[in-house]
There are 2 protein chains.
Amino acid sequence: MKCEKAQKCNLENIVDIIGSKWNLFIIWHLRTKKLRFTELQNRMCGINSKTITRHLRDLEGFMIIDRRVYPEVPPRVEYSLTERGTALLPIIEAMLEWGGQYLNAKPGESHDVEPAKETVCEMDP
Amino acid sequence: MKCEKAQKCNLENIVDIIGSKWNLFIIWHLRTKKLRFTELQNRMCGINSKTITRHLRDLEGFMIIDRRVYPEVPPRVEYSLTERGTALLPIIEAMLEWGGQYLNAKPGESHDVEPAKETVCEMDP
DNA sequence: CGGTATCCCAGGCGATACTG
DNA sequence: CAGTATCGCCTGGGATACCG
């Protein structure tokens, strides 16, 4: 975690963000439209609320997502991508493309079901 | 970790590879030339041998790096990128570019030293 | 609805020591 | 040199319960 002799690695900072499965999923799910807390949670394979909250806060801190609270009853909170977050989409797409080219062709070993398309845990339409 | 209702997420498989700080570092350090075990270890901020070995094996399993053993005394093992691994470089470069654009400009909070350039833990020339 | 608060556990990672 | 073995910490994340 620490590069004592050198300055903090650029790549390391980025991996802290992109390297998390959950962060990537959140960003990806927000690519088309803003979503509410529960909508996100349901789309992400039932991730528990503590975990998703933590990652949402992280992403908000990095100014990758925008959190908008509507003072209503019942409460409504909507998350959306910022410009910074949107700028990450090409990278995620590149990752998916890479995965489609190489992982689907020869899955290595951990391949139990048929290859996915460009989808990420699409569960509920 | 498990998408019970959907097929295994493509993105999740990829994040297992790209999402690891160590894997990214290894790939990045191998971008220009093949390196020996110790060379890699020294460049990576003194990562301990157990950890690096594990990640090297993982990457080898995914056919992202190539491990070549020379039957000599003392032993020599060289690691290099495969085509698959090389195909990841544009993604890492995109990540670095994104980080350069956004993280260096406004670091958020975890920013203790001056921004890094396109470097990754460059310690010993 | 959109979270916090607790508890708990697997495993990622460092430190250290040893080996062919 | 290139690892393996062992120990032990600490965090990420699941389960569950509760709250404004």
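Throughout, a chain's letter reflects where its sequence line sits, starting with A, and its residues are numbered from 1.
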field: Interatomic distance, His55(B) NE2 vs dA2(D) C1' [rounded to whole Å]
entry: 17 Å
field: Phe37(B) CZ to dG20(C) P, straight-line distance once rounded to whole Å
entry: 17 Å
message: Assess, by modelled atom type and distance only, whether the side chains of Tyr79(B) and Arg67(B) contain a donor and an acceptor separated by less than 3.5 Å.
response: yes
- request: Measure the distance from CD1 on Ile26(A) to C1' on dG2(C) and round it to the nearest whole Å.
  value: 14 Å
task: Provide, to the nearest angstrom, the distance between the CD atom belonging to Glu39(B) and the P atom belonging to dC1(D).
output: 10 Å
field: Base dG3(D) paired with Lys50(B) side chain (donor-acceptor, <3.5 Å)
entry: no
- prompt: Looking only at side-chain N and O atoms, does Arg54(A) come under 4.0 Å of OP1 or OP2 in dG13(D)?
  reply: no
query: Between dG3(C) and Tyr79(A), is there an OP1 or OP2 to side-chain N/O distance shorter than 4.0 Å?
result: yes
message: Applying a 4.0 Å non-hydrogen cut-off, can you work out what Ser49(A) is touching in the nucleic acid: base, sugar-phosphate, or nothing?
response: base
task: Would you mind reading off the distance between Leu40(B) atom CG and dC1(D) atom P, rounded to a whole angstrom?
output: 14 Å
message: Whether Arg36(B) contacts dC1(D) is assessed here as follows: a side-chain N or O lying under 4.0 Å from the phosphate OP1 or OP2. Is that the case?
response: no
query: Across the strands shown, which category fits Tyr70(A) at heavy-atom distances under 4.0 angstrom: base, sugar-phosphate, nothing?
result: nothing
Value in whole Å for how far the P atom of dG12(C) lies from CD of Glu12(A): 18 Å
- request: Mark yes or no for whether Thr53(B), through its side chain, and Ser49(B), through its backbone, hold a donor-acceptor pair below 3.5 Å.
  value: yes
task: For Asp66(B) and Leu81(B), indicate whether the former's side chain and the latter's backbone hold a donor-acceptor pair under 3.5 Å.
output: no
message: Let's see if you can work this out: which of dG3(C), dT4(D), dG13(D) has an atom nearest to the side-chain heavy atoms of Thr53(B)?
response: dT4(D)
- prompt: More than 12 heavy atoms of other residues, nucleotides or ligands under 6.0 Å from CD of Glu83(B): is that the case?
  reply: no
Member of His29(A), Glu78(A), Lys34(A), His55(A) meeting the side chain to side chain contact (heavy atoms under 4.5 Å, CB included) criterion with Leu40(A): His29(A)
- request: Using whole Å, report how far CG of Asn48(A) lies from C1' of dC7(C).
  value: 13 Å
statement: Closest to the 5' end of DNA chain D, once Arg57(B) and Ile47(A) are matched to their nearest nucleotides, is Arg57(B)
message: Nearest to the side chain of Pro75(A), heavy atoms from C-beta on, is which of dC1(C), dA2(D), dG12(C)?
response: dC1(C)
field: Among dG14(D), dG3(C), dG3(D), the nucleotide that comes nearest once only the side chain of Arg67(B) is considered
entry: dG3(D)
query: Atom CZ of Arg76(B) and atom P of dA2(D): how far apart are they, to the nearest Å?
result: 9 Å
